Colleague: 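I am attaching a structure below and will ask some questions about it afterwards.
A quick note: this is a predicted structure, and the numbers were derived from the prediction, not measured. Labels below follow one simple rule: chain letters A, B, ... track the order of the sequence lines, proteins then strands, and each chain is numbered from 1. The figures that follow rest on heavy atoms only: side chains count, while hydrogens, waters and symmetry mates do not.
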Amino acid sequence: MLQIQTIREKSDFVIKELKRKNFDAATIVDQILSLDAQRKAAQLEHDNLKAEKNAASKEIGQLFKSGQVDAANQLKENMGALGEKIDALVEQMRQFEQALEAELVQLPNIPHSSVPSGNSDEDNEVVFQVEEVPTLDDTALPHWELAAKYQLIDFETGVKLTGSGFPLYTGKGARFQRALISYFLDQATEAGYLEVQPPHLVNEASAFGTGQLPDKEGQMYHATQDNFYLIPTAEVPITNIHRDDLFKEADLPKKYTGYTPCFRREAGSYGKDVRGLNRLHQFDKVEIVQFVLPEQSYDALEDMKNHVEGLLKNLGLPYRILRLCGGDVSFASALTFDFETYSAAQKRWLEVSSVSNFEAFQSNRMKIRYRPNSTEGKAKTQLIHTLNGSALALPRIVATLLENNQSPEGIHVPEVLQPYTGFSMIR
RNA sequence: GGAGAAGUGGCCGAGUGGUUUAAGGCGCACGCCUGGAACGCGUGUUGGGUGCAAGCCCUCGCAGGUUCGAAUCCUGUCUUCUCCGCCA
């Protein structure tokens, strides 16, 4: 959610910048400015009447105390009408505030100045790509066939247990997943992230805080009986750890990592592109999250980008890094880098990570603030910046590792994973 | 799931209808003191809205209600604790 001050102070700038996300904000911004003014007027009147009432109430108290009952009762007479006026204004304010918020949450985050213009993923800027991608001969198998051949993943039983998109990992397949999770968590810990195990179900306030609600309600599984949502990413519980918190400047940055399964309904997606592990309803992911001072958030983004890049290098995967264009960068993000690995058997790039700076967009919703250091007096609180990234999402990593590392002898396990798997080949 | 108790500022804790505009303490910040510190003394210290400012308004888990007036009374709800039941 954008800050109302930003819209008040530079509405033209907001409209112009959101155009780069292909979002026409003119009408909404006008609405917001008008509602904001109305809310302010109602509040002003309310405050004055309330002050009058508070003073009178205090006086009544004094009168009763000094035994002037008649005078007190007379004063009470006038209170009724005043009270009604105040009640009406409170109701007005509530409505203006609600309407204002309803408009505000519709505005996406302002894209960073480096975000290229464009409408779709074809306009994303490739900021790095390995010099050559591996090629396999014609006998090479896609990962779903390798998974069957070596009994790593049982998709059919997953369908039996739950439905499509809920695979059952077996034997070395299960062990391989566990190895990746441990490896990713250890790497993040080494990089200074605190490991956490968050809940996999969250309440409404948390889902709202990171921006899943109200817009993306249909993408989450909803446990209606208790009104909990299954997390679509660990970003949701981890970022909400600090919802409503007020930091001292010295407390920042805060860095967290966590492994969770992720649940996504992905309604209506079927076919070749989603075959095997390419797109699932439940998958595993290790997430990294940072809470930082505003002026440090782009350094932090670079830091996270380097971390993810290091993981891909260590795994020996061919990858590229994309700077998402205005049309492809997400609603809440100011700047996003996507990481894709090349799947040699499918001959296409698969997204395995997305690293984003949300600036103050999420922290505004969640009221995550800090108090700047100040030599004189108390500085006003300011919103912190939040960032997150996948480090990494497992299924497509598994897919590309299986495909790219296949040979007649079996599938080679990257060296960095061998201490975790306990085997160097899948045969 | 049942019965009972409790939720007050960064923390502890007083407060059962009107100088509570939330006592007191700890912590923190600044100042005095000091060669420098500790101790001591003084001032400040919930968060938010509005305003140049003084001020005014809201905020005692959350949401309603009663009242001229609510931290305080009533209803609902969430969380925590104790006991019972169930349980990895």
Colleague: Mind checking Arg94(A) for me? I need base, sugar-phosphate or nothing, with any heavy atom below 4.0 Å counting as a touch.
Modeller: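 Since no nucleic acid heavy atom lies under 4.0 Å of Arg94(A), the category is nothing.
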
Colleague: Could you measure between the two P atoms, the one in C73(B) and the one in G17(B), and give it in whole Å?
Modeller: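 8 Å, rounded to whole Å.
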
Colleague: Quick one: are the ring centres of His112(A) and Tyr298(A) less than 6.0 Å apart?
Modeller: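 Centroid separation for His112(A) and Tyr298(A): below 6.0 Å.
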
Colleague: For the residue pair Tyr259(A) and Gln197(A), confirm or rule out a side-chain donor-acceptor distance under 3.5 Å.
Modeller: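 There is no such pair between these side chains.
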
Colleague: Checking all strands, does Ala56(A) fall into the base, sugar-phosphate, or nothing category for heavy-atom contacts under 4.0 angstrom?
Modeller: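 The residue Ala56(A) makes no contact with any strand.
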
Colleague: Does Lys367(A) make a side-chain N or O approach to OP1 or OP2 of G48(B) shorter than 4.0 Å?
Modeller: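 No.
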
Colleague: Partner lookup for G85(B), please. Criteria are Watson-Crick or G-U wobble with both distances under 3.5 angstrom; report none if nothing qualifies.
Modeller: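 Checking every strand shown, G85(B) finds no partner, since no pair has both distances under 3.5 Å.
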
Colleague: Using 0.5 Å steps for rounding, measure from the CG atom of Leu89(A) to the CE atom of Met93(A).
Modeller: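 Nearest 0.5 Å value for the CG-CE distance: 8.0 Å.
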
Colleague: Does Lys53(A) reach a base, just sugar-phosphate, or nothing at all? Heavy atoms under 4.0 Å.
Modeller: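 Sugar-phosphate, no base atom in range.
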
Colleague: Paired with A6(B): which nucleotide, if any, by Watson-Crick or G-U wobble criteria at under 3.5 Å for both distances?
Modeller: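 U79(B) - that is the nucleotide pairing with A6(B), both distances being under 3.5 Å.
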
Colleague: Choosing from U50(B), C57(B), G48(B), which nucleotide comes nearest the side chain of Leu44(A)?
Modeller: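 Looking only at heavy atoms from C-beta outward on Leu44(A), the closest nucleotide is U50(B).
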
Colleague: In whole angstrom, give me the gap between the C1' atoms of C62(B) and C56(B).
Modeller: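 Pairwise C1' distance, C62(B) against C56(B), rounds to 26 Å.
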
Colleague: Write down the distance between CD (Glu101(A)) and P (G49(B)), rounded to a whole number of angstrom.
Modeller: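 For the pair Glu101(A) CD and G49(B) P, the rounded distance is 14 Å.
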
Colleague: For nucleotides G18(B) and G7(B), find the distance between their C1' atoms and express it as a whole number of Å.
Modeller: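 About 25 Å, rounded to a whole number of Å.
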
Colleague: Parallel, tilted or perpendicular: which one describes the rings of Phe166(A) and Tyr221(A), with boundaries at 30° and 60°?
Modeller: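 The rings of Phe166(A) and Tyr221(A) sit tilted, inter-plane angle from 30° to 60°.
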
Colleague: Partner of A53(B) by Watson-Crick or G-U wobble geometry, both contacts under 3.5 Å, or none?
Modeller: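 Per the H-bond distance test, none.
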
Colleague: Rounded to the nearest angstrom, tell me the gap between atom CD1 in Ile86(A) and atom P in U67(B).
Modeller: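 Spelled out: CD1 on Ile86(A) to P on U67(B) is 15 Å.
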
Colleague: When the distance from CG of Asn364(A) to C1' of G48(B) is rounded to whole Å, what number comes out?
Modeller: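 Asn364(A) atom CG is separated from G48(B) atom C1' by 13 Å.
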
Colleague: Given G47(B), G18(B), C57(B), identify the nucleotide with an atom nearest to the side chain of His46(A).
Modeller: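 Given the options G47(B), G18(B), C57(B), the side chain of His46(A) is closest to C57(B).
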
Colleague: Output the rounded distance in Å from CG (Asp244(A)) to P (G9(B)).
Modeller: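 Checked: the CG to P distance equals 14 Å.
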
Colleague: From the set U50(B), G69(B), G47(B), return the single nucleotide nearest to any side-chain atom of Thr381(A).
Modeller: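 Nearest to the side chain of Thr381(A) among the choices is G47(B).
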
Colleague: Return the pairing partner of G44(B) with a 3.5 Å limit on both distances, Watson-Crick or G-U wobble; otherwise return none.
Modeller: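 Partner of G44(B): C28(B).
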
Colleague: Whole Å only: how far is the CD atom of Glu97(A) from the P atom of G48(B)?
Modeller: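 From Glu97(A) CD to G48(B) P: 16 Å.
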
Colleague: Just call it for Lys40(A): base, sugar-phosphate, or nothing, with non-hydrogen atoms closer than 4.0 Å on any strand.
Modeller: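 Sugar-phosphate, no base atom in range.
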
Colleague: Would you tell me whether Asn124(A) and Asp338(A) have side-chain atoms, one donor and one acceptor, within less than 3.5 Å of each other?
Modeller: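 Their side chains do not contain a donor-acceptor pair, so the 3.5 Å distance test is not met.
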
Colleague: Compute the centroid of each ring, for Phe228(A) and then for His222(A), and state whether the two points are separated by less than 6.0 Å.
Modeller: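 Distance test on ring centres: not under 6.0 Å, no.
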
Colleague: Is there a Watson-Crick or G-U wobble partner for G69(B) with both distances under 3.5 Å, and which nucleotide is it?
Modeller: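 Base partner found: none.
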
Colleague: Nearest to the Leu246(A) side chain among C56(B), G47(B), U50(B), which nucleotide is it?
Modeller: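 Taking heavy atoms from C-beta onward, the closest nucleotide is G47(B).
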
Colleague: Starting at atom CD of Gln38(A), determine the distance to atom P of U50(B), rounded to an integer number of angstrom.
Modeller: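 Taking CD of Gln38(A) and P of U50(B), I get 16 Å after rounding.
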
Colleague: Using atom P of each nucleotide, how far apart are C83(B) and U77(B) to the nearest Å?
Modeller: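 One P to the other, the span is 25 Å.
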
Colleague: Under 3.5 Å, is there a donor on one side chain and an acceptor on the other for Asn278(A) and Arg275(A)?
Modeller: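 Asn278(A) vs Arg275(A): no donor-acceptor pair found between side chains.
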
Colleague: Quick one: Asp245(A) CG to C11(B) P, roughly how many Å, whole number?
Modeller: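 Going from CG in Asp245(A) over to P in C11(B) covers 11 Å.
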
Colleague: For RNA chain B, whose closest nucleotide is more 5', that of Ile60(A) or that of Lys248(A)?
Modeller: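 Counting from the 5' end, the first nearest nucleotide belongs to Lys248(A).
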
Colleague: Can you check the distance between C28(B) and A38(B), where both ends of the measurement are the P atom (answer in whole Å)?
Modeller: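 One P to the other, the span is 11 Å.
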
Colleague: Glu59(A) has an atom CD; how far is it from atom P of U21(B), in whole Å?
Modeller: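 Those two atoms, CD and P, are 16 Å apart.
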
Colleague: Of the listed nucleotides (C57(B), C68(B), U50(B)), which one gets closest to any side-chain atom of Arg8(A)?
Modeller: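 Looking only at heavy atoms from C-beta outward on Arg8(A), the closest nucleotide is U50(B).
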
Colleague: Between Gln382(A) and Ala55(A), who's closer to the 5' end of RNA chain B by nearest nucleotide?
Modeller: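 The residue closer to the strand's 5' end, by nearest nucleotide, is Gln382(A).
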
Colleague: Where the side chain of Arg369(A) is defined as all heavy atoms beyond and including C-beta, which of G18(B), G48(B), G49(B) is the nearest nucleotide?
Modeller: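 For Arg369(A), the side-chain atoms sit closest to G48(B).
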
Colleague: Could you tell me whether Asn54(A) contacts a base, only the sugar-phosphate backbone, or nothing, with contacts defined as non-hydrogen atoms closer than 4.0 Å?
Modeller: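 Contact class for Asn54(A): sugar-phosphate only.
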
Colleague: Just by distance, with hydrogens left out, do Arg243(A) and Ser206(A) show a side-chain donor and acceptor under 3.5 Å apart?
Modeller: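 Short answer, yes.
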
Colleague: P atom, U20(B) versus C32(B): distance in rounded Å?
Modeller: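 Comparing P positions in U20(B) and C32(B) gives a spacing of 34 Å.
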
Colleague: For atom C1', what is the distance between A71(B) and G9(B), given to the nearest Å?
Modeller: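 Those two atoms are separated by 13 Å.
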
Colleague: Does Asp47(A) make a side-chain donor-acceptor contact with the base of G49(B), cut-off 3.5 Å?
Modeller: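 Yes, a donor-acceptor pair under 3.5 Å.
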
Colleague: In whole Å, what separates the P atom of A22(B) from that of G27(B)?
Modeller: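 Looking at atom P only, A22(B) and G27(B) are 23 Å apart.
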
